[in-house]
Amino acid sequence: MIRRLTTALWAALACFHVYLLACQVVDGRLLDGGLLIRWGLGFGIASVLFGLHRAGASLWGRQAVAPWLLVTLLHGPAVLDRGVAPSPAIQPAAISLTAV
């Protein structure tokens, strides 16, 4: 039961990102170099996480710390682009993460 739920959640997350990529392609925003680089990095990080899963490593263990940290850094500019942060603490945290 839990395995089906987590599989459905991962599939929903993947579908959301495919939808987001399609919207950016249709809008022509993918011509922005920074956005294109972020998508390329995202595909690279996803392939690393998929490779860890295929190798039998835990996605929440020590080997996956660096990819998950890169995921948070990758999503920092997306949080800043929204203009409205869901929490007052999110925007300064995103600024400090992307200022590196």
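Heads up: numbering here begins at 1 and tracks the sequence. Note that the coordinates shown come from a computational prediction; the quantities given were computed from them, not determined experimentally.
Connection of W10 to L52 is established within a shared hydrophobic cluster, with ILVMFWY side chains joined at heavy-atom distances below 4.5 Å, either directly or through further cluster members. No single ILVMFWY cluster, assembled from side-chain heavy atoms under 4.5 Å apart, contains both L41 and F50.
The hydrophobic cluster containing L35, built from Ile/Leu/Val/Met/Phe/Trp/Tyr side-chain heavy atoms closer than 4.5 Å, also comprises F16, L20, L21, V25, L30, L36, W39, F43.
To the nearest 0.5 Å, the span separating CG on L13 from OG1 on T6 amounts to 12.5 Å. Between atom CD1 of residue I2 and atom OG1 of residue T7 there is a gap of 11.0 Å, rounded to the nearest 0.5 Å.
Shortest non-hydrogen contact noted between V48 and P67 is CG1-CG, 3.8 Å. When every heavy atom of A57 is checked against every heavy atom of Q63, the shortest pair comes out as CB-OE1, 3.0 Å. Nearest heavy-atom pair, G42 versus L74, reported as atom, atom and distance to 0.1 Å: CA-CD2, 3.5 Å.
Within the structure, side chain to side chain donor-acceptor pair (under 3.5 Å) pairs that include any residue of residues 45-60 do not occur (at least two apart or interchain).
At least one donor-acceptor pair under 3.5 Å links the side chain of W68 to the backbone N or O of L59.
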